[in-house]
Every structure is written in structure tokens, then in C-alpha cells.
Amino acid sequence: MDKYVCKLCGYLYDPEVGDPDSGIAPGTPFEALPDDWHCPMCGVGKDQFEKA
């Protein structure tokens, strides 16, 4: 699974880790994140991420 990085703050979404603080389980690919998911560091939407 691909990792994605926030273009604004550099936060790295690692699907092996997920985003437990936002209720995203480990093993969740970036493509499967809900449309309203946002960067836990700076708050931007998924459209501001690019493949790492």
C-alpha cells in the first residue's frame, strides 16, 4: 500500500499505521479513507495529499 504525504505540512499517512485518533484502523489504504477525512496535523482535505 502506498504512503501519502500532505503537501502543506508534510504529514505522512502510512496505511500500515492508519490514523487511530480519527478512527481509521491500521491497514486502511489512502483510497479507502472517507471523503471528509482531513490531515490530523493541519486540517486540509485528502485533495492536498500526494503519493510519497
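Numbers here simply count residues along the sequence, with the first being 1.
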Asks: Nearest 0.5 Å, please: how far is OH in Y13 from CZ in F30?
Replies: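 Between atom CZ of F30 and atom OH of Y13 there are 8.5 Å.
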
Asks: Can you name the residues that form a side-chain hydrogen bond (donor to acceptor under 3.5 Å, both in side chains) with Y11, not counting sequence neighbours?
Replies: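 If we apply the side-chain hydrogen bond (donor to acceptor under 3.5 Å, both in side chains) test to Y11, skipping adjacent residues, there are no hits.
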
Asks: Looking only at heavy atoms, which two atoms of G18 and P20 are closest? And how far apart?
Replies: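 Result for this residue pair: C-CD, 3.6 Å.
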
Asks: Which ILVMFWY residues can you reach from L12 by hopping between side chains whose heavy atoms are under 4.5 Å apart?
Replies: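 Members other than L12 - counting any ILVMFWY side chain reachable under 4.5 Å - are V5.
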
Asks: Can I get a per-line list of side-chain donor-acceptor pairs under 3.5 Å for residues 35-52, giving both atom names and the distance, sequence neighbours left out?
Replies:
from: W37; atom 1: NE1; to: D19; atom 2: OD2; distance (Å): 3.0
from: K46; atom 1: NZ; to: L33; atom 2: O; distance (Å): 2.9
from: K51; atom 1: NZ; to: D2; atom 2: OD2; distance (Å): 3.3

Asks: Sorted by first residue and then second, give each salt bridge (Lys or Arg N to Asp or Glu O under 4.0 Å) pair with at least one member in residues 5-16; sequence neighbours left out.
Replies: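 Sorted result for residues 5-16: K3-D14.
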
Asks: side-chain contact (heavy atoms from CB on, under 4.5 Å) with A32: which residues, sequence neighbours excluded?
Replies: T28, P29

